[in-house]
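Reviewing the structure listed below.
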Amino acid sequence: MNTARGGLVVDDDLIAALKSGRVAAAGLDVFEGEPKLHPDYVSLKNTFLLPHIGSATIETRTAMGMLALDNVEAVLNGGPAPTLVPGRSRESSEPHLGGKQ
């Protein structure tokens, strides 16, 4: 099972391992080229493919909403967002109104 990001699994390698029996089965809800699905997964009887539902619990969704509110509050108070995407500055994440982004 891939419990991380889709990009951590190389689809071609996993598919080859599934076809050869080196990997018995795979359960995936994230994929390398999301949202595109590698077509070979569909033909394999030893794969279980789900939509991305790893965070679909009341507790997790509540925590996600609270985290979003923490970010909004921090920015409105003049500070940085606590969970700013790595590699992004506050200035580069501010909305661009009108014109090109």
Minimum heavy-atom separation for [X] and [Y], please, with both atom names.
{"X": "L44", "Y": "T47", "value": "O-OG1, 3.2 Å"}
{"X": "A26", "Y": "L18", "value": "N-CD2, 3.8 Å"}
{"X": "Y41", "Y": "L49", "value": "CB-CD1, 3.8 Å"}
{"X": "P80", "Y": "A74", "value": "O-CB, 3.4 Å"}
{"X": "H38", "Y": "I15", "value": "ND1-CD1, 3.3 Å"}

Would you check if [X] and [Y] make a side-chain contact, meaning some heavy-atom pair closer than 4.5 Å?
{"X": "D40", "Y": "K19", "result": "yes"}
{"X": "L67", "Y": "M64", "result": "no"}
{"X": "V42", "Y": "L37", "result": "yes"}

Any sub-3.5 Å donor-acceptor pair from D29's side-chain atoms to L50's backbone N or O? no
